[in-house]
Every structure is written in C-alpha cells, then in structure tokens.
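The block underneath contains the structure these notes are about, expressed in structure tokens.
The analysis underlying the following values was restricted to heavy atoms, covering all of them including side chains, and did not include hydrogens, waters or symmetry mates. Lettering follows sequence order; numbering is per chain, from 1. These figures come from a predicted structure and were not determined experimentally.
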Amino acid sequence: MASVSLRNVHKKFGPITVLESIDLDIADGEFVVLVGPSGCGKSTLLRSIAGLEAINGGEIQIGDRPVTHMAPKDRDIAMVFQSYALYPHMDVRRNMAFSLNLRKSPAALIGERVAEASAKLGLNALLDRLPKQLSGGQRQRVAMGRAIVRNPKVFLFDEPLSNLDAKLRATMRTEIKALHQSLKTTAIYVTHDQVEAMTMANRIVVMSDGVIQQVGPPLELYDRPANMFVAGFIGSPTMNFFDAVIVRGAARLADGSLLPLAPAAWKEGREIVIGIRPEHLHFADQGFPATVTVVEPLGMSTQVTLDAVEERVTLLALERPQLSPGDRKYLTAKAADIHVFDRVSGLRLN
Amino acid sequence: MTAITADNLALQRQADRRRFLEPWLYLSPALVIIVTVLVVPLIIGISYSFRKFSAFRSEYVGLGQYRAMMVDPVLHDALINTLWWTVASLALQFFLGLGLALLLNQPFHGRRLVQGLVFLPWAVPIFLTGLTWAWLFNPLIGPLPHVFHAIGLQSEPVTILADPSTAMWGPIIANVWFGIPFFAITLLAARKSIPSELYEAASIDGATAWQQFTKVTLPFLAPTIAITVMLRTVWIATFADLIYVMTAGGPAGSTNTIATYIYVSAFKSLDKGYASAIAVLLLVLLIAYALIVIQIRRALLRDV
C-alpha cells in the first residue's frame with residue numbers, strides 16, 4: 001500500500017498537449033476515480049502512472065519512491081485493462097500466476113496466493129479454463145485476480161467495466177468496491193461513466209482537455225461544482241443552465257422572471273449563468289413559466305421535460321404530478337439550491 | 001389392416017431414401033468438380049506408376065517401377081539432396097523471415113515503402129530469379145565469387161555452382177531470397193493481430209523483452225508458424241524450377257532432388273511410369289510429414 005503523488009506532470013503527443021501540469025496527491029488506501037469525457041487525458045494519466053507512457057515533464061512518486069523514469073514492472077503496480085488483456089493461451093490459474101512465476105516466487109507461495117485470490121473472486125471452479133471459455137464478467141474477474149495475487153502497492157483500473165452489459169456492470173461495481181474495502185489497497189480508476197465515479201470513489205478527479213477541473217468527494221462535487229464543466233458533467237439527468245443578470249441581488253432570466261439568490265455581495269448587472277439540478281426545480285405559483293413537452297414516469301420518480309426561456313428544462317419530481325404535454329406551469333427553486341457561475345470564465349461564484 | 005401397414009412401410013422407406021439422398025444432391029456440383037479436377041488426375045497419376053512407358057507404347061508392370069526405385073542409387077542421392085535442400089532452405093527462410101517480420105513491426109521512417117518492397121522477390125518470375133542468381137555466382141559477370149574470395153571463403157574466385165560440394169548452396173541461397181517474403185508477410189500479419197494490451201500487461205507483470213517474445217509473441221504465432229512451415233516444406237520439396245534453371249541437377253547429380261529427378265525421368269528419359277512412381281514416393285513422404293507436423297501442433301497448443 002502506498003500513496004501516489006503527481007507533480008506538474010506534462011504529456012504531449014506530437015504538437016498536441018494531452019496532460020497539462022497535473023498535480024494530484026492520492027492518500028494511502030484511497031479509491032480515486034479519474035472521470036471525464038473521452039479524449040480528456042484520463043487514460044493517458046493512468047498509463048503515465050503505470051509507466052506505459054513516458055511523460056514529457058514533472059514527477060511521479062509511488063510511496064516514497066520517485067518512479068518517473070522506472071519501467072512498469074519496477075513500479076509495483078497492477079493494472080486491469082478494459083479489454084482484460086488475459087493471455088489467451090494460458091488457463092485462469094496460469095494467467096493469475098504469471099507475474100509471480102516471472103518473479104520466480106516459490107511455488108508454494110504462488111499456489112497460496114492464487115487460491116486466496118480465486119476464492120475471493122469466486123473463480124475456484126474456473127481455474128483450469130481458458131479465457132475464451134469464460135463470459136465477459138468472468139474474464140473481468142480473472143483480470144482482477146491477476147492484479148490481486150501480486151499484492152501491489154497500487155491498483156490501476158482502465159475503464160474495466162465498459163465492455164460489460166448494464167446489469168453486470170452494476171454488480172461488478174459493487175464487487176470492486178467491496179474488494180477495495182477488504183484489501184485497502186490504493187486504487188486509481190478511470191471511467192467516462194459518472195455514475196461509476198459517484199458510486200465507487202472516495203474522491204473524484206474530473207478532467208477535461210488535459211486539465212484537472214476539480215478534485216473532491218463525490219457529494220462535494222455534486223453539491224458544489226467548481227465550474228460549469230463539472231456541474232454539467234456530474235449528475236444525471238444533467239443540470240439545467242440559464243443565462244441571467246444580477247438585478248437587486250436576484251437573478252433575472254432572459255424572459256424577465258426573477259429567481260432568488262442566497263444573499264451575497266452581488267454586483268448589479270453582472271452577467272451570470274445559473275444552474276439548477278432537475279430534482280431542485282419544482283412547480284410553484286410563481287417563478288418562470290414553462291410548457292410541459294414530455295412526461296416520463298420512472299416509478300420512483302417522474303422526469304418531466306419542459307420548454308422554458310428558450311431552453312429545454314428537465315425536472316425530476318419524487319411525487320407523481322398529474323401533467324400532460326402542453327400544460328403551462330411555473331417553475332422555481334430555493335435560493336440555496338441555485339448554483340451561480342460567471343458567464344465568461346464558467347467558474348463558480350457562490 | 002396389414003395392407004395399410006405394408007403401404008406405410010413402403011412410404012416410410014421412400015421418405016428415408018429421399019432424406020438420405022437429398023444432401024448429396026445439393027453437394028453434387030462441388031463433388032463433381034473435386035472428383036474431376038483432383039481425384040481423377042491423382043488416380044491416373046498413381047496408375048501410371050504401375051506401367052512402363054517407352055516411345056510409343058506402355059505396358060502394365062505391377063510393382064516393377066517400385067522395385068527399380070529400391071535399388072536406384074541416383075534416387076537415393078536425390079532423397080538425401082532433397083532433405084538437405086528442403087531443411088536448409090526452410091530453416092533460413094523461416095528464421096530470416098521471422099526476423100524481418102519483427103523488424104517490420106517496429107515503427108520507423110518509410111516502413112510502408114519497405115513493407116511493399118519486401119514483396120518484390122515474389123513478383124520476379126522464377127526463371128529470371130534462377131538466371132539472375134546463376135549469373136551472380138558467375139565470376140565473369142557476377143560479383144559474388146570475388147566477394148567470397150575477398151573475405152577468404154574461396155581460395156580463388158570461381159562459381160560455387162561448378163563444385164559438387166558447394167553447388168547446392170547456389171539454389172538454396174536463391175530459394176531463401178525468394179522465400180523470405182512469404183514468411184515475413186504471413187508472420188507480420190499474425191504479429192499485428194496480437195493486441196498491444198497483452199504486451200502492456202506482460203510488461204507490468206514483469207516480463208523482459210525476451211520473455212514477452214517467448215510467452216506472448218511465440219504462442220500467438222505458433223498456429224501460423226505450424227501452417228506456414230508445413231506449406232512451405234511441401235512447396236520447397238516439390239520445387240524443381242529454380243534448381244533446374246541454375247544447375248539442372250548437376251554437377252555430377254550433386255543438386256539432383258526428387259523433384260528434378262521426376263522432371264528428368266518424365267521428360268528426358270521419357271519414362272513417365274518411373275517418374276510417377278517417384279512422385280508417389282514423394283507424396284507419401286510429404287503426407288507423413290504433414291501428419292507429424294499436425295500432431296506436433298496439437299501437442300503444442302495443448303501445452304501452452
């Protein structure tokens with residue numbers, strides 16, 4: 001087990017900068033999820049930590065050892081790939097034992113470690129099978145087993161659940177989290193799926209365009225996104241955004257309706273964007289007018305799509321509102337639930 | 001009552017017969033083609049080996065040709081030459097081809113051009129390949145004897161094709177030059193199909209470059225290697241053109257292989273019967289070889 005720290009990490013592919021001065025400290029035993037849209041640099045960052053990509057500047061430290069210039073095998077890490085990368089000509093047992101065999105560990109120790117890992121992952125019945133005889137979920141498990149037997153300082157996961165169907169993905173998500181809770185090994189997990197990020201992480205690192213946008217515990221990112229990118233990326237259905245102007249401490253929308261803002265030193269006339277999560281919008285006697293376009297009952301909640309202020313607005317209601325398309329309604333939100341961003345920089349203002 | 005049962009039985013039998021014949025009906029076009037172009041010539045060829053041909057007639061001699069084969073000293077030498085010619089050509093083609101495939105898999109400037117050029121020996125007609133190499137070995141017009149002399153391989157610059165102890169190397173070298181692209185291209189294609197994640201996983205697991213080659217690359221290439229080596233062996237063993245153009249089996253029969261001997265028997269001695277008997281021998285040897293390779297391949301696949 002070890003901490004991981006990145007100092008001013010740069011990476012370029014030819015003229016394109018993919019990682020720009022990345023600073024990140026990951027504590028011993030933490031489960032950190034790197035999340036962002038495709039092409040944001042999250043996989044490159046993970047591969048740089050693994051040593052599969054050479055970085056163009058900065059330093060990487062695992063535990064108290066600088067590993068920036070070390071080969072992957074000397075970094076004491078294990079990686080689970082999206083494609084699982086199991087050796088197709090070796091059975092499950094030999095796949096899991098491969099790294100220990102290369103390190104010339106004693107046979108008794110190898111047997112013990114493989115048995116331990118396979119018991120933990122429910123692979124006992126499959127040890128003599130070849131990867132091609134396994135289902136996607138089972139291959140995923142073997143890939144994790146191969147990582148576990150080494151007992152590495154850090155686990156690296158590169159979108160390990162992307163090739164699984166939705167139901168299996170949810171199960172494996174829970175399993176990986178449980179596994180981490182029992183092993184307590186530092187883990188860095190890359191995904192583009194913000195639900196995976198929210199459910200699994202101790203801390204989430206949101207990346208975009210090779211830059212870290214925000215680092216924090218899932219609910220902190222959800223409740224107080226640092227900028228419009230994070231606000232829009234985290235949360236499903238996504239946050240509603242409206243252009244607005246500060247008028248006497250309130251937000252005036254394009255159609256002239258006013259929404260209350262939490263008291264602060266608002267500069268009169270400042271151009272802002274306000275963000276409201278779908279579950280924080282509710283129907284009221286006053287607020288801004290909207291027309292219902294689609295009603296989607298989900299059972300536990302009801303998702304309502306409306307047209308308002310030249311925007312498409314999503315509202316998530318826990319009760320079951322009696323609505324039909326075409327209904328005119330007023331929408332509002334509590335001052336405390338309204339996120340305020342600068343219209344130019346996109347940074348959070350409240 | 002009994003009549004109805006008999007009728008039913010007859011109907012039943014008719015239906016059974018139709019069910020049995022129907023698939024063969026659909027297969028018949030393919031079967032007819034296979035039988036006419038493959039099986040019939042093969043059987044005719046084998047039947048020739050039981051006859052003796054002379055200028056205008058042929059007679060049935062039973063196993064006479066095979067008995068003659070048993071005591072033919074030329075055939076005995078040709079068998080040994082064939083083994084030598086096949087093993088040396090194959091081994092050099094394979095290892096150089098594998099090396100070239102791995103080199104071509106590395107990124108470098110102009111790789112696409114080089115990959116295209118590697119194909120070139122195949123575009124050259126065999127006849128021209130043989131003539132070109134024969135000239136290259138000729139001290140009057142070719143540079144090679146002078147190179148061999150300069151580096152001390154030969155005491156004086158003469159053609160290796162004229163010396164019975166070295167003549168076989170001439171066609172072997174030409175054959176290697178001609179055959180490397182086959183291995184390079186097929187093995188490169190197989191190498192490219194190996195996912196790069198496997199090498200990344202192996203490098204994280206602690207495998208050195210050599211271990212990555214033996215534990216990841218080789219097991220992946222094994223099926224391709226088995227099939228290409230088998231095909232190539234058969235092709236080389238039956239490959240007469242190059243030798244015939246360069247040395248015509250000489251000097252003193254030192255480059256005479258079974259394939260060239262078949263040609264000589266059929267078209268110079270005009271004994272098609274004897275040529276067919278030798279061809280049958282070669283066929284049997286190659287089938288035995290193919291069966292062994294297939295067995296080895298199965299064993300290897302089970303092991304790794």
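Chain A forms more heavy-atom pairs under 4.5 Å with one residue of B:Val216, B:Thr208, B:Asp205 than with any other, namely B:Asp205. Here A:Ala85 is the residue among A:Gly51, A:Ala85, A:Ala147 with the most heavy-atom pairs under 4.5 Å with chain B.
Only the side chain of A:Leu52 has a heavy atom closer than 4.5 Å to any heavy atom of chain B. Residue A:Arg47 touches chain B through its side chain alone, counting heavy-atom pairs closer than 4.5 Å. Proximity to chain B (any heavy atom under 4.5 Å) is shown, for A:Ala71, by neither the backbone nor the side chain. Contacts between A:Leu86 and chain B at a heavy-atom distance below 4.5 Å involve the backbone alone (N, CA, C, O).
Judged by distance alone, the side chain of A:Tyr87 and the main-chain N or O of B:Ala202 form a donor-acceptor pair under 3.5 Å.
Within 6.0 Å of CZ on A:Phe13 lie more than 12 heavy atoms contributed by other residues, nucleotides or ligands. Heavy atoms from other residues, nucleotides or ligands lying under 6.0 Å from CD of A:Gln133 number more than 12. With a 6.0 Å radius and a threshold of 12 heavy atoms from other residues, nucleotides or ligands, B:Phe20 has its CZ atom at or below the threshold. Residue-environment remark: NZ (A:Lys104) stays at or below the threshold of 12 foreign heavy atoms within 6.0 Å.
Shortest non-hydrogen contact noted between B:Leu198 and A:Pro88 is CD1-CD, 3.9 Å. The nearest pair of heavy atoms linking B:Ser203 to A:Lys73 is O-CB, 3.2 Å. B:Ile204 approaches A:Arg103 most closely through the heavy-atom pair O-NH2, 3.4 Å.
The closest side-chain heavy-atom distance from B:Glu200 to A:Met79 is not below 4.5 Å. In this structure, the side chains of A:Phe98 and B:Lys215 come closer than 4.5 Å at one or more pairs of heavy atoms.
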